[in-house]
Amino acid sequence: EVQLVESGGGLVQAGGSLRLSCAASGFTRDDYSIGWFRKAPGTEREGVSCISSGDGRTAYADSVKGRFTISGDYAKNTVWLQMNNLKPEDTAVYYCAIGWCGPHVRMYAMDYWGKGTLVTVSS
């Protein structure tokens with residue numbers, strides 16, 4: 001059974017930082033992507049960042065470029081999202097998912113999703 005478990009969410013003041021972790025298990029394909037997505041109340045789900053296992057290519061939403069960094073250790077089946085200079089508009093439930101991401105985070109086809117971790121940024 002494929003499982004994705006997110007952790008690291010919490011409450012932080014604007015300008016602060018959080019590091020999200022996604023621990024994956026049960027998925028053994030050689031070439032795949034793991035992405036971070038978020039959804040705030042009343043909004044559509046938004047692709048935040050993706051990383052590809054084959055070549056390490058990354059993609060970011062324009063709204064987080066320069067602030068967020070995605071990284072992964074596929075031997076450990078773990079992906080992180082380092083979030084710096086957080087803004088109130090970053091408040092959302094953050095999900096990790098595994099599947100495929102294109103060169104833009106709006107292009108994705110994910111097969112499995114985690115349950116999410118809540119990030120709240122106060123002003």
Side-chain angles (χ1 to χ4, degrees):
E1 178 182 355
V2 175
Q3 295 186 63
L4 299 169
V5 180
E6 304 97 334
S7 63
L11 174 64
V12 64
Q13 292 184 345
S17 298
L18 286 173
R19 183 178 173 89
L20 305 183
S21 296
C22 175
S25 63
F27 194 86
T28 58
R29 253 167 54 189
D30 292 334
D31 187 10
Y32 59 92
S33 300
I34 298 180
W36 286 97
F37 303 81
R38 65 187 182 186
K39 189 180 188 307
T43 70
E44 297 180 354
R45 182 176 60 200
E46 176 188 20
V48 177
S49 184
C50 288
I51 185 168
S52 299
S53 67
D55 57 9
R57 178 174 54 84
T58 59
Y60 296 91
D62 289 342
S63 60
V64 307
K65 287 180 180 177
R67 300 189 298 120
F68 292 9
T69 303
I70 191 170
S71 61
D73 185 340
Y74 290 99
K76 297 181 179 179
N77 298 315
T78 303
V79 172
W80 299 272
L81 183 69
Q82 179 67 45
M83 306 187 296
N84 297 326
N85 192 24
L86 284 160
K87 303 176 180 180
E89 49 263 46
D90 295 318
T91 296
V93 177
Y94 284 70
Y95 303 87
C96 67
I98 190 167
W100 174 84
C101 293
H104 303 286
V105 293
R106 292 190 301 273
M107 302 168 56
Y108 61 87
M110 314 311 284
D111 299 313
Y112 303 96
W113 294 80
K115 297 295 185 181
T117 185
L118 177 63
V119 172
T120 303
V121 184
S122 65
S123 60

*Scan residues 63-123 for pairs that pass disulfide bond (SG atoms under 2.5 Å apart), counting only residues two or more places apart or in two chains.*
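Qualifying pairs, neighbours excluded: Cys22-Cys96, Cys50-Cys101.
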[X] versus [Y]: any side-chain heavy-atom pair under 4.5 Å?
X: Tyr112; Y: Gln3; answer: no
X: Leu4; Y: Tyr95; answer: no
X: Tyr94; Y: Met83; answer: yes
X: Val119; Y: Leu20; answer: yes
X: Val64; Y: Glu46; answer: no

Show me the donor-acceptor pairs, under 3.5 Å and distance only, between side chains in residues 52-61 and residues at least two apart or in other chains.
| residue | atom | partner | partner atom | Å |
| --- | --- | --- | --- | --- |
| Ser52 | OG | Ser33 | OG | 3.2 |
| Ser53 | OG | Asp30 | O | 2.9 |
| Ser53 | OG | Tyr32 | N | 3.0 |
| Ser53 | OG | Tyr32 | O | 3.2 |
| Asp55 | OD1 | Arg57 | N | 3.0 |
| Arg57 | NH1 | Gly102 | O | 3.3 |
| Tyr60 | OH | Ile70 | N | 2.9 |

*Just jot down the ring pair (Phe, Tyr, Trp, His ring centres under 6.0 Å) partners of Trp113, sequence neighbours excluded, or say none.*
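For Trp113, the residues satisfying ring pair (Phe, Tyr, Trp, His ring centres under 6.0 Å) (neighbours in sequence not counted) are Phe37.
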What pair of heavy atoms forms the shortest contact from [X] to [Y], and how long is it?
X: Ser17; Y: Asn84; result: OG-OD1, 2.9 Å
X: Leu18; Y: Leu86; result: N-CD1, 3.8 Å
X: Ser49; Y: Leu81; result: CB-CD1, 4.2 Å
X: Leu118; Y: Val93; result: CD1-CG2, 3.9 Å

*Answer yes or no: is there a donor N or O on one side and an acceptor on the other, between the side chain of Thr78 and the main chain of Ala23, under 3.5 Å?*
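Such a contact is absent between Thr78 side chain and Ala23 backbone.
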*Do the side chain of Glu6 and the main chain of Gly116 share a donor and acceptor less than 3.5 angstrom apart?*
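Yes; at least one donor-acceptor contact below 3.5 Å.
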*Before giving the answer on side chain to side chain contact (heavy atoms under 4.5 Å, CB included), spell out for Trp80 and Asp73 the whole-Å C-alpha distance, their side-chain angles and the decisive distance to 0.1 Å.*
CA-CA 9 Å; Trp80 299 272; Asp73 185 340; 3.8 Å; yes
*Hey, which of Arg106, Met110, His104 is the one that makes side chain to side chain contact (heavy atoms under 4.5 Å, CB included) with Tyr108?*
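The single option meeting the side chain to side chain contact (heavy atoms under 4.5 Å, CB included) with Tyr108 is Met110.
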*More than 12 non-hydrogen atoms from neighbouring residues, nucleotides or ligands closer than 6.0 Å to NZ on Lys39, yes or no?*
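Counting other residues, nucleotides and ligands, NZ of Lys39 exceeds 12 neighbours.
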*In sequence, state the C-alpha distance, the side-chain angles, and the governing distance for Asp90 and Lys87, and then conclude on salt bridge (Lys or Arg N to Asp or Glu O under 4.0 Å).*
CA-CA 5 Å; Asp90 295 318; Lys87 303 176 180 180; over 6 Å; no
*Is there a path from Ile98 to Val105 through hydrophobic residues (I, L, V, M, F, W, Y) whose side chains come within less than 4.5 Å of each other?*
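Cluster IDs for Ile98 and Val105 differ.
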